[in-house]
Amino acid sequence: MAQRTLLVVLFDGVQSLDVTGPVEVFSGAERHSPGTYRVRTASLDGGPVRTSSGLTLVPDGSLTRAPEPHTLLVPGGEGTRRPDPRLVEWLRSAGPRARRLVSVCTGAILLARAGLLDGRRVTTHWAYCETLARQHPAVEVDPDPIFVRDGDVATSAGVTAGIDLALALVEEDLGRDAALTVARHLVVFLRRPGNQAQFSAQLAAQTARREPLRDVQQWITEHPAGDLSVESLAARAALSPRHFARAFQAETGMPPGRYVDRVRLEHARRLLEDTADGIEEISRASGYGTPEAMRRAFLRTLGASPAEYRRRFRPAPVT
């Protein structure tokens with residue numbers, strides 16, 4: 001198997017975990033399967049860089065003398081806000097020569113500035129998705145997933161999502177056993193799919209200010225199989241259905257029906273990942289009523305049936 005060179009771009013203001021997370025994954029994969037990865041770091045002039053947290057990172061050399069990469073990885077951090085124009089120009093020139101372009105967090109902003117994401121579906125840290133979409137209208141920004149693959153371009157959300165993406169790339173390159181070994185060594189999960197939301201349903205929505213609405217949010221989470229119609233939830237909040245629907249959206253940022261859908265989908269995914277319960281039992285427990293209703297929800301949101309989701313993302317038994 002040919003050795004793949006992973007080149008990680010360093011710059012002042014880089015987020016240290018955006019660098020060290022993926023580097024630990026690929027270095028761990030090299031230890032598991034010697035000769036598969038050559039991990040190198042480089043800055044513009046080859047000098048040390050200071051991360052956003054104050055750590056100093058010493059690169060292997062300069063970008064101009066760096067080896068031709070198979071995978072070019074661009075981390076994020078505060079330094080992406082006002083990048084050195086020379087860095088953007090280097091990315092514009094070197095990026096197309098890489099077999100695989102990868103960004104972590106706001107590293108996607110640098111790739112976009114270099115014109116490497118036009119026509120691509122990408123993601124980045126949730127706090128910067130709107131900015132990326134506004135500044136680069138030719139880029140399709142999806143704010144929900146923890147990472148996105150679009151051909152030879154892979155982008156991830158903030159910090160730890162870079163580890164999830166790196167593990168997915170190792171699994172693609174070397175197989176599940178290698179990725180699982182690395183994940184176990186790092187004590188992280190090898191089962192967060194790229195289309196998993198950056199936030200749970202509860203975190204994706206704002207917490208309501210008024211106590212009756214907060215109580216309703218908690219009730220929905222604890223009773224996904226219950227009667228979660230607007231009329232029923234409004235009665236629990238002692239509001240008219242119309243007033244409840246307006247107030248819920250105003251205070252949480254989403255309509256009650258969408259919030260219920262997210263909670264039920266999240267509950268069903270956890271049961272598929274963590275239990276051996278049957279599809280019919282899970283559909284009832286998650287409030288779908290029938291397996292077909294749950295299947296439609298999974299296909300619409302995740303692009304996979306519940307059975308396929310379980311096959312792909314339920315951990316294999318440890319022997």
Side-chain angles (χ1 to χ4, degrees), residues 1-11 14-44 46-49 51 55 57-76 90-91 93-105 107 111 116 146-156 159-194 312-313 315-319:
M1 183 180 295
Q3 188 179 53
R4 299 170 175 85
T5 297
L6 170 75
L7 180 61
V8 183
V9 177
L10 301 184
F11 48 87
V14 71
Q15 162 65 254
S16 57
L17 280 176
D18 288 2
V19 176
T20 58
V23 164
E24 289 292 343
V25 170
F26 286 103
S27 297
E30 166 63 21
R31 288 192 295 271
H32 175 272
S33 304
T36 51
Y37 292 110
R38 179 187 182 207
V39 180
R40 292 292 182 269
T41 58
S43 64
L44 270 173
V49 301
T51 71
L55 295 175
L57 300 179
V58 180
D60 294 311
S62 68
L63 287 172
T64 54
R65 295 188 175 183
E68 196 81 2
H70 171 278
T71 299
L72 179 61
L73 189 147
V74 182
W90 183 88
L91 288 171
S93 173
R97 298 197 299 270
R99 293 277 299 278
R100 190 162 61 192
L101 284 176
V102 178
S103 69
V104 181
C105 196
L111 292 181
L116 299 172
I146 59 174
F147 65 82
V148 169
R149 299 290 308 278
D150 187 340
D152 58 357
V153 174
T155 54
S156 67
V159 190
T160 58
I163 296 177
D164 294 297
L165 175 54
L167 286 168
L169 296 176
V170 167
E171 183 172 5
E172 176 185 298
D173 293 342
L174 307 181
R176 182 177 176 82
D177 287 346
L180 183 57
T181 297
V182 175
R184 284 173 173 166
H185 180 74
L186 296 177
V187 198
V188 296
F189 289 106
L190 180 67
R191 59 178 173 136
R192 288 218 298 172
R312 292 173 60 191
F313 302 123
V318 178
T319 58

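Everything quoted here is computed from the prediction, not taken from an experiment.
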### Task
Mind checking the OG-CG spacing from Ser93 to Leu63? Nearest 0.5 Å is all I need.
11.0 Å
### Query
Would you find a donor on one side and an acceptor on the other, under 3.5 Å apart, between the side chain of Glu30 and the backbone of Tyr37?
yes
### Task
Kindly compute the distance separating CG (Leu6) from NE2 (His70), expressed to the nearest 0.5 Å.
10.0 Å
### Summary
Heavy-atom nearest pair, Val182 first then Ala29, reads CG2-N, 3.6 Å
### Message
Looking at Arg38 and Asp60, is any side-chain nitrogen of the basic one under 4.0 Å from a carboxylate oxygen of the acidic one?
### Response
no
### Task
Go through the steps to decide whether Leu57 and Thr41 satisfy the test side-chain contact (heavy atoms from CB on, under 4.5 Å), and finish with yes or no.
CA-CA 9 Å; Leu57 300 179; Thr41 58; over 6 Å; no
### Query
Heavy atoms, side chains only, cut-off 4.5 Å: are Arg99 and Arg4 in contact?
no
### Any side-chain heavy-atom pair of Leu165 and Arg149 under 4.5 Å
yes
### Task
Would you give the length of the straight line joining atom CG of Leu111 to atom OG1 of Thr155, rounded to the nearest 0.5 angstrom?
8.5 Å
### Summary
Tightest non-hydrogen contact, residues Phe11 and Gly76, listed as CZ-O, 4.0 Å
### Query
Any idea which heavy atoms bring Trp90 and Val9 closest together, and the distance?
CZ3-CG2, 4.1 Å
### Query
If you round to the nearest 0.5 Å, how far is CZ of Phe26 from CG of Asp173?
7.0 Å
### Query
Is there side-chain contact between Val153 and Leu116, with at least one heavy-atom pair below 4.5 Å?
no
#### Entry: Heavy-atom check, side chain of Pro22 versus side chain of Val104, under 4.5 Å
yes
### His185 side chain near His32 side chain, heavy-atom distance below 4.5 Å
no
### Message
Would you compute the distance between atom CZ of Arg40 and atom CG of Leu10 and round it to the nearest 0.5 angstrom?
### Response
13.0 Å
### Asp177: salt bridge (Lys or Arg N to Asp or Glu O under 4.0 Å) partners, not counting sequence neighbours
none
### Message
Quick one, Leu17 and Thr160 - any side-chain contact, counting heavy atoms below 4.5 Å?
### Response
no
### Task
Look only at the side chain of Glu171 and the backbone of Ala178, and say whether a donor-acceptor pair between them is shorter than 3.5 Å.
no
### Message
Just verifying a value: how many Å separate Leu174 CG and Leu169 CG, rounded to the nearest 0.5 Å?
### Response
10.5 Å
#### Entry: Which atom of Ser62 lies closest to which atom of Leu44, heavy atoms considered
CB-O, 3.7 Å
